[in-house]
Amino acid sequence: QVQLVESGGGLVQTGDSLRLSCAASGRTVDISAMAWFRQGPGKEREFVAAIRWSRGNTYYANSVKGRFTISGDNGKNAAYLQMNSLKPEDTADYYCAATPYVATDYATLEQYLFTSWGQGTQVTVSS
């Protein structure tokens with residue numbers, strides 16, 4: 001079992017930056033990739049970004065490409081999401097997730113295959 005704890009959310013203005021952190025503990029050796037998802041008000045949860053643990057390959061949703069950067073620190077069992085040029089439509093609860101499954105494209109991996117989830121951290125971008 002892997003436990004995930006997010007931090008770093010908050011209230012920012014349009015154009016600001018924010019960095020989210022996700023700390024993993026437990027059976028971290030089972031992690032193949034870590035990802036960030038988000039769920040905005042009245043919306044379904046959606047994929048944001050993922051990083052393959054062993055090779056460092058990264059995957060992004062089109063809506064955040066060029067603005068968000070996912071990174072990972074295997075030694076610290078942590079993943080980060082650097083969010084730049086934030087927009088009001090980025091307002092959401094952001095969730096960290098981990099999967100033991102190996103995939104060719106984590107952006108399209110079914111959400112239920114991410115077997116570990118954090119409790120979420122809220123990001124609000126004011127206009």
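Just so it is clear, the structure is predicted and the values come from calculations on it, not from any experiment. The figures that follow rest on heavy atoms only: side chains count, while hydrogens, waters and symmetry mates do not.
A cation-pi arrangement is found for Arg19 relative to Tyr80, the charged atom lying closer than 6.0 Å to the ring centre and inside a 45° cone about the ring normal.
Linking Ile, Leu, Val, Met, Phe, Trp and Tyr residues whenever their side-chain heavy atoms come within less than 4.5 Å places Val2 and Ile51 in a single cluster. Phe114 and Leu81 sit in two unconnected hydrophobic clusters of ILVMFWY residues. Membership requires side-chain heavy atoms under 4.5 Å apart, directly or through other members. Side-chain heavy atoms closer than 4.5 Å link hydrophobic residues (I, L, V, M, F, W, Y) into clusters, and following such links, even through other members, never connects Trp53 to Tyr59. Phe47 and Tyr60 fall into different hydrophobic clusters, where Ile, Leu, Val, Met, Phe, Trp and Tyr side chains are chained together by heavy-atom contacts under 4.5 Å. Both Phe68 and Val125 belong to a common hydrophobic cluster when Ile, Leu, Val, Met, Phe, Trp and Tyr are linked at side-chain heavy-atom distances under 4.5 angstrom.
When the options Asp90, Thr91, Asp93 are evaluated for a side chain to side chain donor-acceptor pair (under 3.5 Å) with Arg38, the one that passes is Asp90. Shown are Tyr94, Trp117, Tyr95, Tyr112; of these, the ring pair (Phe, Tyr, Trp, His ring centres under 6.0 Å) with Phe37 is made only by Trp117.
For the residue pair Ser32 / Tyr106, a side-chain donor-acceptor distance below 3.5 Å is found, with atom types taken as modelled.
Between the side chain of Arg67 and the backbone N or O of Ser85, at least one donor-acceptor pair lies under 3.5 Å. Side-chain atoms of Glu46 never come within 3.5 Å of backbone atoms of Ala61 as a donor-acceptor pair (strictly under, hydrogens ignored). In terms of modelled atom types and a separation under 3.5 Å, the side chain of Thr58 and the main chain of Ala50 share no donor-acceptor contact. Put simply, the side chain of Thr99 gets close to the backbone of Leu113: a donor and an acceptor are under 3.5 Å apart.
Between the CZ atom of Arg52 and the CD1 atom of Ile70 there is a distance of 14.0 Å, given to the nearest 0.5 Å. Interatomic distance, CG of Leu86 versus CD of Glu89, reported as 10.0 Å (0.5 Å rounding). Interatomic distance, Ile31 CD1 to Ser116 OG, rounded to the nearest 0.5 Å: 7.0 Å.
The side-chain heavy atoms of Ser25 and Asn77, taken from C-beta on, include no pair separated by under 4.5 Å. Inter-residue side-chain proximity for Gln119 and Glu6 is flagged as met; some heavy-atom pair is nearer than 4.5 Å. Considering only heavy atoms from C-beta on, Met34 comes within 4.5 Å of Leu4 through its side chain.
Across all their heavy atoms, Thr14 and Ser127 have their closest contact at OG1-CA, 3.4 Å. Closest approach of Leu109 and Ala103 over heavy atoms only: CD1-CB, 4.0 Å.
Every residue two or more places apart in sequence or in another chain that forms a side chain to side chain donor-acceptor pair (under 3.5 Å) with Asn84 is listed here: Ser17, Gln82.
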Trace of the side-chain hydrogen bond (donor to acceptor under 3.5 Å, both in side chains) decision for Tyr101 with Thr115: CA-CA 9 Å; Tyr101 297 101; Thr115 53; over 6 Å; no

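The disulfide bond (SG atoms under 2.5 Å apart) contacts involving residues 39-70 comprise nothing, where partners must be two or more places apart or lie in separate chains.
Within 6.0 Å of the CD atom in Gln39, the count of heavy atoms belonging to other residues, nucleotides or ligands exceeds 12.
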